Chemist: 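Quick one: the structure is below, and I'll ask about it shortly.
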Amino acid sequence: MSKVYKNASDALAGLTFDGMTVMSGGFGLCGIAENLIAALRDTKVKDITCISNNAGVDGFGLGQLLETRQIKKMISSYVGENKEFERQFLGGELELEFNPQGTLAERIRAGGAGIPGFYVKTGVGTAIAEGKPTRDFDGEDYIMETGLKADLSIIKAWKGDAQGNLIFNSTARNFNAPMATAGKVTVVEVDEIVPVGSLDPNHIHTPGIFVQRIIEAKCEKRIENRTVREKTT
Amino acid sequence: MSWTRDQMAARAAQELQDGYYVNLGIGIPTLVANHIPDGVDVTLQSENGMLGMGPFPFEGEENPDLINAGKQTITTLPKSSFFDSATSFAMIRGGHIDLSILGAMEVAENGDIANWMIPGKMVKGMGGAMDLVAGVKRCIALFDHTNKRGESKFLKACTLPLTGQNCISMVITDLGVFTRDEGQKRFRMLELAPDVTLDEVKSKTEADVVWD
């Protein structure tokens, strides 16, 4: 059965509802599902709880969903690049839950792997530990964190096939791979859909079982912090 | 003369050892990459999912899919590898990274560090800082000894919300270097920047440090 859909809005049809939880892949603007984010905005669903390492920039990436006030709560590790975010948060219009980046990644991995809770050293003795059960292992304190799941994961990959097998490009893999496992439904946009059988099974990063829908779509791939070096002769 | 940011980074680079896997924080720690001693093979980890971080690309060769944790465009090296965020923090939390060099707002004499939030100001988030200080084998804090008002940032106890407890084993500031080896409670002064006097450092240090 082919998992290929025509376009982003087609691929989200029937999956969205008010108050839903969405995982959105990417690190900064690297490896975000630009077309699916835009399509989610166009559905006009509201009160979204959005799990994403960052919150995009003004007017781009998740910044688009902030502008339209569709996000009720963000679960993130770093949100420094977005003025509209800051305005809504300081105005009390937006809830925010900070997670250490590794804890966020592991909560997503655990959620996808059927692990409801686990213990980490990260954040012991800090504000992050408040209200969380602690336990001593071999004389050291650890805090309990819980697995995360989402109604929908929207992720970005480099190449994929009609079975949903995926390969990511460079550092655009980031949160996309774990999020693919933690969505009740995972929709992926790829730079290129390739024929089934053309990806080497040894090199597949995300097996198709984690992917329900796939589209091929062009991305702008905006660079947040373009940094170059001088050519020396 | 106290050390410049570049000289602080150069001093921190002397702590690198051949074969080390190292994570460098944003800001002054990033400069450490420019001072890796000759003959020392160090592999830089970027927590967004890369080992073997290469230099910035030449103009026109930027790849939007290839960035570091500061969201700067970078390049690969022959030894590079890519991985997802959960695997990246398995390296960090799991104690596989040898050294983390990070900036700080405050460090306390017991090795506590605060570098992620100032109450009352917009909080951007801790990113990977809490995972790094909790999991990396050895953490060096690199920061200016005093704030803009001349007050010590090397304190008896942190006043800002903590990033991690009892995790900093070396402090490098513009005035000198302080170490706290495993099992030791307090930091010991190791060296001073050129022409910085002991009296000056003492007067600018709130932490109870072993000075001899």
Side-chain angles (χ1 to χ4, degrees), chain A residues 27-31 53-54 76-81 86 89-90 96 98-110 112 120-128 141 158 168-179 191 205-206 219-231, chain B residues 46-50 53 55-76 80 82-95 112-114 116-117 119 122-135 161-167:
Chain A
F27 182 94
L29 301 180
C30 180
N53 189 52
N54 313 95
S76 303
S77 88
Y78 190 83
V79 295
E81 322 293 348
E86 188 170 335
F89 176 69
L90 294 175
L96 171 61
F98 277 128
N99 283 217
Q101 194 176 140
T103 295
L104 182 63
E106 190 63 15
R107 292 183 71 191
I108 295 163
R109 196 198 70 81
V120 290
K121 275 191 289 194
T122 308
V124 170
T126 75
I128 291 303
D141 283 339
W158 180 28
F168 300 96
N169 189 33
S170 304
T171 56
R173 192 180 324 179
N174 54 59
F175 280 84
N176 283 300
M179 283 180 176
D191 290 335
H205 296 136
T206 290
C219 270
E220 180 187 330
K221 295 195 181 181
R222 203 181 283 186
I223 293 176
E224 217 165 321
N225 195 351
R226 185 181 300 272
T227 311
V228 296
R229 70 187 143 130
E230 294 289 317
K231 264 193 174 129
Chain B
S46 190
E47 66 265 26
N48 57 316
M50 182 182 194
M53 205 184 351
F56 299 130
F58 294 121
E59 189 157 4
E61 294 174 7
E62 309 93 316
N63 174 358
D65 286 341
L66 182 48
I67 63 168
N68 64 18
K71 286 131 191 171
Q72 295 171 305
T73 43
I74 49 166
T75 57
T76 56
S80 298
F82 298 117
F83 34 85
D84 66 71
S85 299
T87 306
S88 179
F89 283 91
M91 294 174 193
I92 291 167
R93 199 189 308 99
D112 290 358
I113 179 171
W116 78 281
M117 77 171 284
M122 177 61 196
V123 181
K124 294 183 170 186
M126 69 292 285
M130 283 191 181
D131 309 277
L132 283 160
V133 297
L162 293 185
T163 307
Q165 275 184 328
N166 185 16
C167 49

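Per chain, numbering begins at 1; letters A, B, ... match sequence-line order. Keep in mind the model is a prediction, meaning the values are calculated, not measured.
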Chemist: Between A/N99 and A/S77, do the side chains contain a donor N or O and an acceptor N or O under 3.5 Å apart?
Modeler: no
Chemist: More than 12 heavy atoms of other residues, nucleotides or ligands under 6.0 Å from CD of A/E220: is that the case?
Modeler: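 Count over threshold, so yes.
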Chemist: With a 4.5 angstrom heavy-atom cut-off, is it the side chain or the backbone of A/N176 that approaches chain B, or both, or neither?
Modeler: neither
Chemist: So what's closer than 4.5 Å to chain A heavy atoms on B/T163: side chain, backbone, both or neither?
Modeler: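 Only the backbone of B/T163 comes within 4.5 Å of chain A.
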Chemist: Going by side-chain contact (heavy atoms from CB on, under 4.5 Å), name the residues that satisfy it together with A/T206, two or more places apart in sequence or in a different chain.
Modeler: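 Expected list: A/L166, A/F168, A/A177, A/A180, A/F210, A/V211.
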Chemist: Taking only residues two or more places apart in sequence, or in another chain, which ones meet A/E224 in a side-chain contact (heavy atoms from CB on, under 4.5 Å)?
Modeler: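 Here the qualifying residues are A/L29, A/V57, A/E81, B/K71.
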Chemist: Taking A/R109, A/E86, A/Q101 one by one, which has the highest count of heavy-atom pairs under 4.5 Å against chain B?
Modeler: A/Q101
Chemist: So which residue, B/F83, B/W116, B/F89, ends up with the most heavy-atom pairs under 4.5 Å with chain A?
Modeler: B/F89
Chemist: For the pair B/T73 (side chain) and A/T227 (backbone), establish whether a donor and an acceptor sit closer than 3.5 Å, ignoring hydrogens and angles.
Modeler: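 It does hold such a pair.
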Chemist: Roughly how far, to the nearest 0.5 Å, is NZ of A/K231 from CZ of B/F58?
Modeler: 6.0 Å
Chemist: Mind ranking B/N48, B/L162, B/D112, B/T76 by heavy-atom pairs under 4.5 Å with chain A and telling me who comes out on top?
Modeler: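 Of B/N48, B/L162, B/D112, B/T76, B/N48 has the most heavy-atom pairs under 4.5 Å with chain A.
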Chemist: Are B/F56 and B/T75 close enough that some pair of their side-chain heavy atoms sits under 4.5 Å apart?
Modeler: no
Chemist: Among A/T171, A/V120, A/L90, A/V124, which has the most heavy-atom pairs under 4.5 Å with chain B?
Modeler: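 Option with the greatest count: A/T171.
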Chemist: Side chain from CB out, backbone as N, CA, C, O: work out which of these in B/V133 comes under 4.5 Å of a heavy atom of chain A, or both, or neither.
Modeler: neither
Chemist: Are the side chains of A/N53 and A/N174 in touch, meaning some heavy atoms are under 4.5 Å apart?
Modeler: no
Chemist: Among B/S88, B/A129, B/P57, which residue has the highest count of heavy-atom pairs closer than 4.5 Å to chain A?
Modeler: B/P57
Chemist: Quick one: list whatever passes salt bridge (Lys or Arg N to Asp or Glu O under 4.0 Å) with A/R229, sequence neighbours left out.
Modeler: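 Not a single residue meets the salt bridge (Lys or Arg N to Asp or Glu O under 4.0 Å) criterion with A/R229.
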Chemist: Report yes or no: does B/R93 contribute a side-chain atom to a donor-acceptor pair with the main-chain N or O of A/G102 at less than 3.5 Å?
Modeler: yes
Chemist: With only heavy atoms counted, which part of B/E61 is less than 4.5 Å from chain A, the side chain, the backbone, both or neither?
Modeler: side chain
Chemist: Taking 4.5 Å as the heavy-atom cut-off, does anything in residues 62-69 of chain B contact chain A, and if so which residues?
Modeler: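 Counting heavy atoms that sit under 4.5 Å from chain A, the residues of residues 62-69 of chain B involved are B/E62, B/N63, B/P64, B/D65, B/L66, B/I67, B/N68, B/A69.
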